Amino acid sequence: MPELPEVETVRRQLEPELVGRRIERVTVLDERLTRPEAPRSVEKAVSGRKVEAVGRRGKYLLIELEGERTLAIHLRMTGNLLIGENGGLKHVRARFALDDGRQMLFTDIRRFGQAIVLDRGDQLEDYFAARLGLEPLSGELTPERLLELAKDRKAPLKSFLLTQDRVAGIGNIYADEALWRARLHPLSPAGSMKLEHAERLVEGIVGALEAGLDHGGASIDDYLDARGERGSMQDEFLVHTREGEACLRDDGGEIQRIVVGGRSTYFCPVCQERLRRRPRRRTGARARPKRDRAG
DNA sequence: GTGATAACCTGGGTGC
DNA sequence: TGCACCCAGGTTATCA
């Protein structure tokens, strides 16, 4: 499933191939891809424009085009962007014909992927401001800011990490990996963290994402990089999908699988500390007056 | 405002 | 072998 490391891997591969090239023609083969916009409007907005840069925001890939337009692509669960020959591929949802004769193809088995065109400037800013929070690898994610975002939240840490408008780019795999690295139980209420926990969690998030990047992402199911090759992060998982195996910390714990927020969640019950909600600070001598027995 | 859950979607695995 | 059913998960909409 493409999360931040997978999308960033694709971005790094596409950048030298696309920047300076002109997208001569776009053919959208699945109208779901461009919803709510009509396929023709996206085809018209992109065709004939030169690529100026290839960026990323959270799990969105941003192809910046001349004329202050940006093609924002989300791979969702099974989307792939492949460049080169790519003959005989199944589930092709869009074709981008480049001016050097090659094609970039968007394939997507489950058809959840999205491609929209935004005007650079306010429209782009507003779109992402409403959806995405801190970028974990940019240095803006500090323990203090994470603590502030989690303040008073009762939601489990696992669900909190998956919420993109707090911290962008973390999905099911790297949430599990980050929590294991931080030694924090996925069911701990987010608002129960203290500074020391937030410090461990930031370290865990960054460590997990960088490991994913180092291994070209994880190819559990359908993910392929822009060259059509699989990543190897799935061979390096510390906890995700290791149900029934001994914890790698050798602490006697056995990795368990539970469902949190409808998502499979893997953790070690021995070394991942379950935090409890802190009681609200009461004001005054008695926060809750005793019942007046006299009636 | 917050948290939980369903829906979207399709290939693969499982059970009968 | 073929069929029905369930599961996976990122995001959004809906509900409590």
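Below, chain A is the first sequence line, B the second, and so on; all start at residue 1. Everything quoted here is computed from the prediction, not taken from an experiment. As a basis for the values below, the full set of heavy atoms in this structure was taken, side chains included, without hydrogen atoms, waters or symmetry mates.
Residues forming a salt bridge (charged side-chain N to carboxylate O under 4.0 Å, His left out) with A/R12 (at least two apart in sequence, or on another chain): A/E8. Annotation: salt bridge (charged side-chain N to carboxylate O under 4.0 Å, His left out) contacts of A/E15 (sequence neighbours excluded): A/R11. Here A/R69 pairs with A/A45, A/R49, A/L65, A/V117, A/D119 under the side-chain contact (heavy atoms from CB on, under 4.5 Å) rule; sequence neighbours left out. Under the ring-ring contact (aromatic ring centres under 6.0 Å, His included) criterion, A/H197 pairs with no residue, sequence neighbours left out. In terms of the salt bridge (charged side-chain N to carboxylate O under 4.0 Å, His left out) criterion, residue partners of A/D99 (sequence neighbours excluded) are, by chain and number, A/R21. In this view, A/E17 and A/R102 satisfy the salt bridge (charged side-chain N to carboxylate O under 4.0 Å, His left out) rule, not counting sequence neighbours.
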Any N/O pairs under 3.5 Å between the protein and nucleotides 11-14 of chain B? List them or say none.
none

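Pairs engaging residues 245-256 of chain A under the side-chain hydrogen bond (donor to acceptor under 3.5 Å, both in side chains) rule: A/R242-A/E245 [sequence neighbours left out]. Residue pairs that meet the ring-ring contact (aromatic ring centres under 6.0 Å, His included) test with at least one member in residues 159-190 of chain A, sequence neighbours left out, are A/H185-A/F267.
Regarding A/R35, its CZ atom lies at a distance of 12 Å from the C1' atom of B/dA7, rounded to whole Å. Between A/R32 atom CZ and B/dT10 atom C1' the separation is 11 Å, expressed in whole Å. Atom CZ in A/F128 sits about 14 Å away from atom C1' in C/dT11, given to the nearest Å. Atom pair A/L75:CG and C/dG10:C1' shows a separation of 11 Å (rounding to whole Å applied). The CG-C1' distance, from A/D152 to B/dG1, rounds to 12 Å in whole Å. Spacing between atom CG of A/D108 and atom C1' of B/dC8 amounts to 12 Å, rounded to whole angstrom units. In this structure, CD of A/E6 is placed 13 Å from C1' of C/dG10, rounded to the nearest angstrom. Regarding A/Q114, its CD atom lies at a distance of 17 Å from the P atom of B/dC8, rounded to whole Å.
Exactly one residue among A/E3, A/E177, A/K158 makes a side-chain hydrogen bond (donor to acceptor under 3.5 Å, both in side chains) with A/N172. That residue is A/K158.
Within a heavy-atom distance below 4.0 Å of DNA chain B, the residues of residues 153-174 of chain A found are A/R153, A/K154, A/A155, A/P156. Sorted by residue number, the members of residues 254-265 of chain A with any non-hydrogen atom under 4.0 Å from DNA chain C read A/R257, A/R263, A/S264.
A donor-acceptor contact shorter than 3.5 Å is absent between the side chain of A/R40 and the backbone of A/V42.
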Without placing hydrogens or testing angles, list every side-chain donor-acceptor pair under 3.5 Å for residues 208-219 of chain A, not counting sequence neighbours.
{"residue": "A/H215", "atom": "ND1", "partner": "A/A211", "partner atom": "O", "Å": "2.9"}
{"residue": "A/S219", "atom": "OG", "partner": "A/Y223", "partner atom": "O", "Å": "2.9"}
{"residue": "A/S219", "atom": "OG", "partner": "A/G231", "partner atom": "N", "Å": "2.8"}

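Applying the 4.0 Å criterion to OP1 and OP2 of B/dC8, one finds that A/R76 has every side-chain N and O outside that range.
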